[in-house]
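The structure appears right after this line, and notes come after that.
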Number of protein chains: 2
Amino acid sequence: MTDVAALAGVSAQTVSRVARDEPTVKPETAARVRVAMEQLGYTPNRAARALRYGHYGTVGMIAHRLARTGESRTVEAVVEAAQSEGYTVTLVDLASPAADDVSAAVARLSHQDIDGLIIIRAETATPDTLVLPSHLPVVVSDSRFVGHHPAVGADQVGGAEVAVAHLLRLGHRTVHHLAGPPDSIPARQREEAWRAALAEAGAVAPPAVRGDWTATSGYDAGAALAADPEVTAVFAANDEMAAGLMRALHEAGRAVPGDVSVVGFDGIELSAQLWPPLTTVAQDFGEIGRRLVDLLLRQVRDREDLADTHSVVPVRLVERASTAPPPGR
Amino acid sequence: MTDVAALAGVSAQTVSRVARDEPTVKPETAARVRVAMEQLGYTPNRAARALRYGHYGTVGMIAHRLARTGESRTVEAVVEAAQSEGYTVTLVDLASPAADDVSAAVARLSHQDIDGLIIIRAETATPDTLVLPSHLPVVVSDSRFVGHHPAVGADQVGGAEVAVAHLLRLGHRTVHHLAGPPDSIPARQREEAWRAALAEAGAVAPPAVRGDWTATSGYDAGAALAADPEVTAVFAANDEMAAGLMRALHEAGRAVPGDVSVVGFDGIELSAQLWPPLTTVAQDFGEIGRRLVDLLLRQVRDREDLADTHSVVPVRLVERASTAPPPGR
DNA sequence: CGGAGTACTGTTAACGCAAACATTTCTGGT
DNA sequence: ACCAGAAATGTTTGCGTTAACAGTACTCCG
């Protein structure tokens, strides 16, 4: 900076002003400074700026298993939204499974590193075990943290309802459920809403079959469903399990959707490429990402107290070829 | 820091020493300081440290379309490896498509922000259009940059070879190819290696059909393949297109693998859940991520000059149910 | 018991930047 | 030609940290 100042024949302060586009610099001076900057390859040092300003222009983001589900699309949306607001995104702790690790990662990060934290998925950590630096603005999409921090999430309940309603409308007597793991709150919400929707329609809810979100578990659990001739419609708690289920059905010689209709949840890219293309409840991950950033930045910049705001993003039923009226109708 | 010093009855310098685990502090003093740090919730300010040290403990990472392919798994591996080396990862510019944007993002980042840069995928940018701050250590997995920067990549050629060999060994007379877009270097490499492997085996190479990596394009291009009774084996340049192709084959009433065998490339999670489960050439994205970090940190920390090192990560043929001998054998 | 180490702790200064305040240079009105 | 006020630029200072140097208080030896 000093060199630039010398070369342009001005003070360092003026260079600083030009660097920040302050309007109080005479255009010709600014031009001269800019030439000098260019010539010397000068860029403001962000560490010094952060030190001076007391903030970092960076938000942290905790996520797990990017390859899975809509995680990656949320991450993308967050990065894009944050960038357009001039913030940089630091990705933390994708792999480590233990709750301690998450806390440790956050502590390491501390609020000496980031201005706010977005928790996409904290996996094994819970609101009790996860200790965050006080005064660090946080926003979550992991539903276990709802009520503890401002949150953004898809409309789990509405999604399950629309899935069940769709199948009942096609004429199915009832709808089976391939549920997610019991320790997952979204899984429980989808399951509860499924049960409620059946009750509402006067249908009998069969016992739920359970997987762990993976396609393999859907395949395993699907074997039981495939063997039961009573089963004509299944609402799977996510698309991966639905894929596994359909594979099990194929192997059992049961036609989809001829014998059994299947609805998934999430709307992942490949759901359209399964055989048959999967009817699914699509989440708007882009919107979730954008709202996360919005909620976080409102706390960071405007010091708003969002307390336990919970922003619910609507879902959308995407009707494809895996659903049809039950056989014999 | 001053507060901690006051509370512990020492100087700020001693607090600094304790924070950095310098061994020259008397154990009891260190203990007293640590108590004070705990009590006051003190954490060293990283901006100040970065300013002092002149480096950031951060690496930048450019990637596009995380939802696709193995991108997300590479990203995961990079983050994990970087974290275990005490580095933080900043994710940049996922969405913007224009070359200028990439350069702009990098410039914004500059080497005032990061100690090194990992380019997973720079999409439309080319070695010519992408201007990097000089002296910024870089490592790439995007093959268009091979030769310009140290690179890590999967063994495209070996992968195509093993796919073709597998199909020929099953008894197919030749192997069709569902190629990637012509502006993609890996696509061209896979295509060339496919052609070479056929020539090597004395088989006639049919014209390649072309997609753009997406499952939809595989479906569209697959229609032509499905209509041609001569086609008994297809090597698809990636798993998504293979999925689309299989859907097209199903719709055309051609059995997989009874009538047509299909091999994919990448080994994405869902390839095992397609119907039938897809035989594919799996890339080791974890290893790619780890090598990227290793190569970058060797430049950053040890100032090694890696020039145009090119580290080739082996691939592995995963035989599943989408391949079989041709009909009538 | 004096002096040379050694162990430990403190003081000063600088990293690059920008806010606050100070100073100079210009403008327009008379 | 002069002055008030605005416009443009400069100077000082401190953000939190740590390297370099400067003590001070011990320990051990002759």
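What you see is a predicted model, and the numbers here were worked out from it, not measured in a lab. Values below: all heavy atoms of this structure, side chains included; hydrogens, waters and symmetry mates excluded. Letters go in sequence order (proteins before strands), and every chain restarts at 1.
Between the P atom of C:dA18 and the NE2 atom of A:H55 lies a distance of 11 Å, rounded to the nearest Å. The distance from atom CE of A:M1 to atom C1' of C:dA18 is 7 Å, rounded to the nearest whole Å. The distance from atom CG of A:L51 to atom P of D:dT17 is 9 Å, rounded to the nearest whole Å. Between the CZ atom of B:R46 and the C1' atom of D:dT18 there is a distance of 16 Å, given to the nearest Å. When rounded to the nearest whole Å, the span between CG of A:D113 and P of D:dT17 equals 12 Å.
Listed nucleotides: D:dC15, C:dA18, D:dT17. Nearest to the side chain of A:Y53: C:dA18. Nearest nucleotide to the B:N45 side chain, out of C:dG10, D:dT17, D:dG10: D:dT17.
Shown here are the ring-ring contact (aromatic ring centres under 6.0 Å, His included) partners of A:H148, two or more places apart in sequence or in another chain: there are none. For B:D294, the side chain to side chain donor-acceptor pair (under 3.5 Å) partners two or more places apart in sequence, or in a different chain, are B:R298. For the side chain to side chain donor-acceptor pair (under 3.5 Å) test, residues two or more places apart in sequence or in another chain that qualify with B:R301 are B:E85. For A:E287, the side chain to side chain contact (heavy atoms under 4.5 Å, CB included) partners at least two apart in sequence or on another chain are A:D284, A:R290, A:R291, A:V313. The side chain to side chain contact (heavy atoms under 4.5 Å, CB included) search around B:R52 returns none, not counting sequence neighbours. Residues meeting the ring-ring contact (aromatic ring centres under 6.0 Å, His included) test with B:H55, sequence neighbours left out: B:Y53. Checked against side chain to side chain contact (heavy atoms under 4.5 Å, CB included), B:Q39 has the following partners two or more places apart in sequence or in another chain: B:L7, B:V35. Residues that satisfy the side chain to side chain contact (heavy atoms under 4.5 Å, CB included) test with A:D21, not counting sequence neighbours, are A:R34.
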With 3.5 Å as the limit, what N/O pairs link the protein to nucleotides 20-22 of chain D?
none

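With hydrogens and angles disregarded, no donor-acceptor distance shorter than 3.5 Å links the side chain of B:T74 to the backbone of B:S72. Side chain of A:D302 to main chain of A:E304: no donor-acceptor pair is present (N/O by atom type, distance under 3.5 Å, no hydrogens or angles). B:E76 places a side-chain N or O within donor-acceptor distance of the main-chain N or O of A:L66, the cut-off being under 3.5 Å.
Of the residues in residues 2-9 of chain A, none has a non-hydrogen atom less than 4.0 angstrom from any atom of DNA chain C. Proximity of residues 20-29 of chain A to DNA chain C (heavy atom under 4.0 angstrom from any strand atom) is restricted to A:R20.
The residue B:T14 sits close only to the backbone: its heavy atoms come under 4.0 Å of sugar-phosphate atoms, none of a base.
Where the helix from C:dC1-D:dG30 to C:dT30-D:dA1 starts and where it ends, the local axes point in directions that differ by 40°; five pairs per end, rounded to 10°.
The environment of CD in B:E269 is sparse: at most 12 heavy-atom neighbours from other residues, nucleotides or ligands sit within 6.0 Å.
The side-chain heavy atoms of B:R32 and B:V10, taken from C-beta on, include a pair separated by under 4.5 Å.
Distances shown here put every side-chain N or O of A:R52 at or beyond 4.0 Å from the OP1 or OP2 atom of D:dG14.
Taken to the nearest 0.5 Å, the OG atom of A:S141 stands 9.0 Å off from the CD1 atom of A:I119.
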